[in-house]
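All values below come from the heavy atoms of this structure, side chains included, with hydrogens, waters and symmetry mates left out.
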Amino acid sequence: MYWIAQHVYLVPLLPLLAAGVIAVCRQPRRSLAAGLAIGSMGGGLLLSLGAFLHTLQNHGERVVVNFDWFELGAGVVRLGWVLDPLAALMLVMVTFVGLLIFVFSAGYMAHDRNFTRFFGFLSLFAAAMLGLVIANSLLLLFICWELVGLASYLLIGFWYHKPSAAAAAQKAFITTRIGDLGLFLGLLWLYQESGTLLFFDGGAGCLEKAALDHLAGITLGGGLALSTALGLLLFCGAAGKSGQFPLHVWLPDAMEGPTPVSALIHAATMVAAGVFLMARVYPLLDLGPALVPHATTTLTVITWVGAFTALLAASIAVAQNDIKRILAYSTVSQLGYMFLGLGVGGVPVAMFHLITHAFFKALLFLGSGSVIHGCHEEQDIRRMGGLRRLMPLTFATYAIGMLALAGVVPLAGFWSKDEILHAAHGWQPSSAPFYMGLAGAFLTAFYMTRQVVYVFWGKHRGAHHHGKPSSTPHESPPVMTLPLAILAACAVFLGLLGTPAWPWFEGYLTGHAAHFELAHLFSGEVLGLLALSTAVVAAGLATGWSVYGRAKPTEDPLVALLGRFHPVLAHRFYLDELYAVSVIRANAWCGWLADWLDRYVWLGLVRLTAWATIGLAWLSRGFDEWIINGGFDTTCEGARRGGQWLAGLQSARAQNWLRVLGVALTLLVLFLVWLHQGGAS
């Protein structure tokens, strides 16, 4: 099994090779493209299971393989990969959930004319995420991080002929780039201070004791610890990728892509990358300032941001009508819970919810895809209804996913959510995040009940769509329902790995043996919080049923109940509009100003410089031609003419010289005579 630790790079390499081969295939090669993509994920899953077994047999021993990439001056840039329990868990989750999504996609995208290209993009997406998971270098992680962003841009805008899809892809790409700028600055600063970007390097890595001790002793101006500044910059990247406030606005619009893309982004890949990054660099986040022990740490900021995002997104989801958009805001909310768990409980608490959420959220998104497919591309829950009789398999699996997301005991979501609430209850700085988490749990149960009642209960309301008769909804084919059944089983049983009675999940990540103790489940504090959480969820379910169970299908009772506040929720607290009139308008104004400066100032300066240069050139030319060359030429011409005259005197003809002498002698005689006569008188 040690072989897999040395060759774990094969897990991302398989889908990367599949993406490369598919890229050179012709579009009609549907079977080949689907076979390569699904086969690569299947092979990656087998290798991931081998890596997982290796960590089990070796009690979580970390295996690191580093290598020289290229020489840079006197130094060497080094990369590497790592296999530890954190990486092994993510490898199994990404390949397993990804494989099921790939299989589902073969049925969902069967009639799309760009079927081959779609599977190529999916394979690239999976390869980038898997490379990110095993990276032992922040530089390699950043490279894969950006490839994830590129692949998400290609997949969200896959139906680029739709203006909304093209706009959503651009919005996702630009918004996440804002967060990535912080991550990049943190990367550079960390390298400057630690001299390496390798996480683990035999004691010399940036997450190992020597580097951490060095960072702990540095305090910036205002009492801010260097480790806190670095952690906040890295968190900017995580907040962008994982849709945390205020960079969450791209995630709901990402629903414009095909439903399997939504499932892959929201469950196994992109949004999980931010939480994973924070879990990987947790030793840096948990590094308290040595000189200012009571200063605010990165984990404090993460806790408050996560709690606020969880409550904000849950409240927005209450008033949405698009089946996928409701699930999208649910993802934003659940990611907030993960960051809340990371801040108050550490890596095991956050990662447990990440893993369970991946399965039941993939189930819900694929289930929504089955509903949309069965309802002939309808996504408005107000035009559905009665599907539990028309699509029984989809209903049964979707109901399990809904209950898991709501946190109903004993499903997976209950145990992972409760771990977060239990940790938040004991958080010393404040109890507010705990109550914010409870409020979010109530709203989650409420809006999921609302969605299920609208979609599956009552009579079908889509008989006439936009004034035209539509076909009766139908159950999806087995290639789509089989992944739903497998994910539903995982949503039921996966949570048993992290109950208070048997905390296997935490023991696996921390390297400590977990023992089954049923009495711990019935201890006073644990049982009290379990009862409180169950009561809150039950209240949310009951409230949702009482409001929508007998409501008229043509109207939403929440509109009357909330009054003027309902449009605020329906328009997402007008955050997109706020960004449009502030950040986007400021950016547009800066663009206009830059264009005006470029056209009338910088271009004018360039033209003025050009004209001045041309004028100086003409002046130099005139001075050279008329002054320098003119004076020199005139002098030369005079010398030439004098030379010609003298040359004429030296013609070597004797008669000419005799004539000159005769004339001169005559003139001399006349002059002497004139002088003599003048003296005599």
Closest approach of [X] and [Y], non-hydrogen atoms and distance?
| X | Y | answer |
| --- | --- | --- |
| P252 | A328 | CA-CB, 3.7 Å |
| V97 | A268 | CG1-CB, 3.9 Å |
| L335 | L251 | CD1-CD2, 4.2 Å |
| V349 | I420 | CG1-CG1, 3.6 Å |
| A204 | T196 | O-CG2, 3.4 Å |
| A350 | G341 | CB-C, 4.2 Å |

Would you say that [X] contacts [Y] through its side chain, given a criterion of any heavy-atom pair below 4.5 Å between the two side chains?
| X | Y | result |
| --- | --- | --- |
| L541 | V408 | yes |
| Q451 | L327 | yes |
| L86 | F276 | yes |
| L234 | L284 | yes |
| L312 | L575 | yes |
| F308 | F339 | no |
| L138 | C206 | no |
| L247 | T176 | no |

Residues in ring-ring contact (aromatic ring centres under 6.0 Å, His included) contact with F96, at least two apart in sequence or another chain: F359
To the nearest 0.5 Å, what is the distance between [atom1] ([X]) and [atom2] ([Y])?
| X | Y | atom1 | atom2 | answer |
| --- | --- | --- | --- | --- |
| N136 | L83 | CG | CG | 11.0 Å |
| M255 | I323 | CE | CD1 | 12.0 Å |
| K324 | T331 | NZ | OG1 | 11.5 Å |
| I101 | S262 | CD1 | OG | 10.0 Å |
| M351 | F505 | CE | CZ | 6.0 Å |
| I143 | S137 | CD1 | OG | 7.5 Å |

Give a yes or no on whether the backbone of [Y] and the side-chain of [X] come within a donor-acceptor separation of less than 3.5 Å.
| X | Y | result |
| --- | --- | --- |
| T309 | S333 | no |
| Q244 | A239 | no |
| T534 | L530 | yes |
| E146 | R177 | no |
| D286 | Y282 | no |
| T228 | L224 | no |
| W250 | G240 | yes |
| S533 | L529 | no |
| T449 | G544 | no |
| D322 | R325 | yes |

Exceeds 12 heavy-atom contacts within 6.0 angstrom, atom [atom1] of [X]:
| X | atom1 | answer |
| --- | --- | --- |
| F184 | CZ | no |
| Y435 | OH | no |
| Y574 | OH | yes |
| Y191 | OH | no |

Give me the ring orientation class for [X] and [Y]: parallel if the planes are under 30° apart, tilted from 30 to 60°, perpendicular past 60°.
| X | Y | result |
| --- | --- | --- |
| F434 | H425 | perpendicular |
| Y337 | H353 | perpendicular |
| W502 | W504 | tilted |

Residue pairs passing the salt bridge (charged side-chain N to carboxylate O under 4.0 Å, His left out) test where at least one lies in residues 264-283, sequence neighbours excluded: D84-R280
Pairwise salt bridge (charged side-chain N to carboxylate O under 4.0 Å, His left out) hits with a residue in residues 407-419, at least two apart: none
Passing option when V133 is tested against L141, V8, L91 for side-chain contact (heavy atoms from CB on, under 4.5 Å): L91
Intermediate values then yes/no, side-chain contact (heavy atoms from CB on, under 4.5 Å), V537 and F442: CA-CA 5 Å; V537 171; F442 173 83; over 6 Å; no
Ring centroid separation F52 to Y508 under 6.0 Å: yes
side-chain contact (heavy atoms from CB on, under 4.5 Å) assessment of E193 paired with L190: CA-CA 5 Å; E193 294 296 336; L190 180 61; 5.7 Å; no
side-chain contact (heavy atoms from CB on, under 4.5 Å) between L438 and L532, intermediate numbers included: CA-CA 9 Å; L438 280 180; L532 177 60; 3.8 Å; yes
Cationic N near anionic O, under 4.0 Å, D253 to R572: no
Residue pair M278, L285: steps toward the side-chain contact (heavy atoms from CB on, under 4.5 Å) verdict: CA-CA 8 Å; M278 294 292 95; L285 307 181; 3.8 Å; yes
Exercise: do T300 and T297 side chains pair donor with acceptor under 3.5 Å: yes
